[in-house]
Amino acid sequence: MTVIYELEDVHHAYLGRFPALEDINIKIGEGERVALLGANGCGKSTLLQILDGLIFPETGEVRAFGTVLDEGVLNGGEFSRYFRRHVAMLFQNPDVQLFNSTVMDEIAFGPLQLDQPQEKTLEQVEDVLEMLEISHLRDRSPHTLSGGEKKKVALASMLAINPSVLLLDEPTNDLDPRTKSWLVDLLAELSKANKTIITATHDLPLVSQIATRVIVIGENHQVVADGSSNEILGNKSLLLEANLIHEHIHSHKGVVHEHGHGHIAEHDHVH
């Protein structure tokens, strides 16, 4: 398997004193479906931003496609264009990445920035609009859309450049059940095309549907587990320790019962 990302002894802190990541050592290969699991504030979003080359670790080294990521290599030049062509990120809040006046312009922006011919770009935009079933939104302003529609447009703007790596930060936040199911199906199709998909989430029921590997980041900002989705999701003590589930204790006819509840869905039991 070709290694896409390799992180060695990565540390990052905000303002130099608020730890976000500590001693991160991981490798991620081409075509992997990886879920980054952890409670709020553990560093999942920070890790995705590092993988996207938006921020850089204070110490340690990050390699992508065999090249060390730093401000120099991503400040223009051949590798910078290669990296931006192959890696795309969906932010937790789609309003962060939607800034054009129409949906059509939003989706075309990325390919045009990569100097793709306009005619080819327009063809790709039409294909993506149809694939995501949002052709009827083409002339709408992104900021007039619903939360689910915004997520679809943000995804469309990523897919228009046909990246080989997708970084997704809490992609199901604010989605209704139908749109969430649609997204799961879309990620399955993208996986068949050998896309590398790395998803940060603390939505436990989602993980087994979108990932085969799970990396758990603890509240100490370190990797506390790395294994198959079945292995990780079946480890109740690990999920409790990482604050991904909690014990709900109640008494029924004099008998005390303990149930593990997911961090997001109050009634999703972990078995």
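Counting from 1, the numbers follow the sequence of the chain as shown. A quick note: this is a predicted structure, and the numbers were derived from the prediction, not measured.
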Nearest-0.5 Å distance that lies between atom [atom1] in [X] and atom [atom2] in [Y]:
{"X": "Ile24", "Y": "Leu7", "atom1": "CD1", "atom2": "CG", "value": "8.0 Å"}
{"X": "Met89", "Y": "Ile198", "atom1": "CE", "atom2": "CD1", "value": "10.5 Å"}
{"X": "Lys152", "Y": "Ser157", "atom1": "NZ", "atom2": "OG", "value": "14.5 Å"}
{"X": "Cys42", "Y": "Leu244", "atom1": "SG", "atom2": "CG", "value": "8.0 Å"}
{"X": "Phe99", "Y": "Phe109", "atom1": "CZ", "atom2": "CZ", "value": "4.0 Å"}
{"X": "Glu8", "Y": "Asn25", "atom1": "CD", "atom2": "CG", "value": "7.0 Å"}

[X] bridged to [Y] by N-O distance under 4.0 Å:
{"X": "Asp185", "Y": "Lys180", "value": "no"}
{"X": "Glu123", "Y": "Lys120", "value": "no"}
{"X": "Lys151", "Y": "Glu149", "value": "no"}
{"X": "Arg213", "Y": "Asp226", "value": "yes"}

For residues [X] and [Y], is any side-chain donor paired with an opposing acceptor at under 3.5 Å?
{"X": "Glu130", "Y": "Ser135", "result": "no"}
{"X": "Glu219", "Y": "Asn243", "result": "yes"}
{"X": "His11", "Y": "Glu58", "result": "no"}
{"X": "Asn100", "Y": "Thr102", "result": "no"}

Decide yes or no on side-chain contact (heavy atoms from CB on, under 4.5 Å) for Leu166 and Leu90, but give the supporting numbers first. CA-CA 8 Å; Leu166 284 78; Leu90 177 73; over 6 Å; no
I need the single residue from Val165, Ile161, Thr196, Ile4 that forms a side-chain contact (heavy atoms from CB on, under 4.5 Å) with Val87. Which is it?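 Going through the options one by one, the only one that passes is Val165.
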Below 4.5 Å, heavy atoms only, C-beta onward: do [X] and [Y] meet side chain to side chain?
{"X": "Leu183", "Y": "Thr172", "result": "yes"}
{"X": "Pro94", "Y": "Val153", "result": "no"}
{"X": "Ile50", "Y": "Pro57", "result": "yes"}
{"X": "Ile217", "Y": "Leu37", "result": "no"}
{"X": "Asp169", "Y": "Thr199", "result": "no"}
{"X": "Leu145", "Y": "Leu137", "result": "yes"}
{"X": "Asp139", "Y": "Val103", "result": "no"}
{"X": "Met104", "Y": "Leu129", "result": "yes"}

Same hydrophobic cluster for [X] and [Y], using side-chain heavy-atom links shorter than 4.5 Å among ILVMFWY?
{"X": "Val3", "Y": "Leu47", "result": "no"}
{"X": "Leu187", "Y": "Ile28", "result": "no"}
{"X": "Trp182", "Y": "Val207", "result": "no"}
{"X": "Val68", "Y": "Leu54", "result": "no"}

Please check if the side chain of [X] supplies one atom and the backbone of [Y] the other of a donor-acceptor pair under 3.5 Å.
{"X": "Gln97", "Y": "Phe91", "result": "yes"}
{"X": "Arg85", "Y": "Asn162", "result": "yes"}
{"X": "His12", "Y": "Leu21", "result": "no"}
{"X": "Tyr5", "Y": "Leu51", "result": "yes"}
{"X": "Thr201", "Y": "Glu170", "result": "no"}
{"X": "Arg81", "Y": "Leu114", "result": "yes"}
{"X": "Ser80", "Y": "Gly77", "result": "no"}
{"X": "Asp176", "Y": "Arg178", "result": "yes"}
{"X": "Lys44", "Y": "Leu36", "result": "no"}
{"X": "Asn230", "Y": "Leu233", "result": "no"}

Which heavy atom of Phe56 sits nearest a heavy atom of Leu69, and at what distance?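 Between these two residues, the closest heavy atoms are CD2-O, 3.9 Å.
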Between Ala211 and Ser229, what is the shortest heavy-atom contact and its length?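 Shortest heavy-atom contact: O-OG, 3.3 Å.
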Would you check, one step at a time, whether the test side-chain contact (heavy atoms from CB on, under 4.5 Å) holds for Val96 with Asn93? CA-CA 6 Å; Val96 171; Asn93 178 2; 4.0 Å; yes
Would you sort out whether Phe83 and Thr67 count as a side-chain contact (heavy atoms from CB on, under 4.5 Å), showing the intermediate values? CA-CA 10 Å; Phe83 184 82; Thr67 297; over 6 Å; no
Audit row: Leu168, Met158, side-chain contact (heavy atoms from CB on, under 4.5 Å) steps and yes/no: CA-CA 10 Å; Leu168 311 174; Met158 294 172 57; 4.0 Å; yes
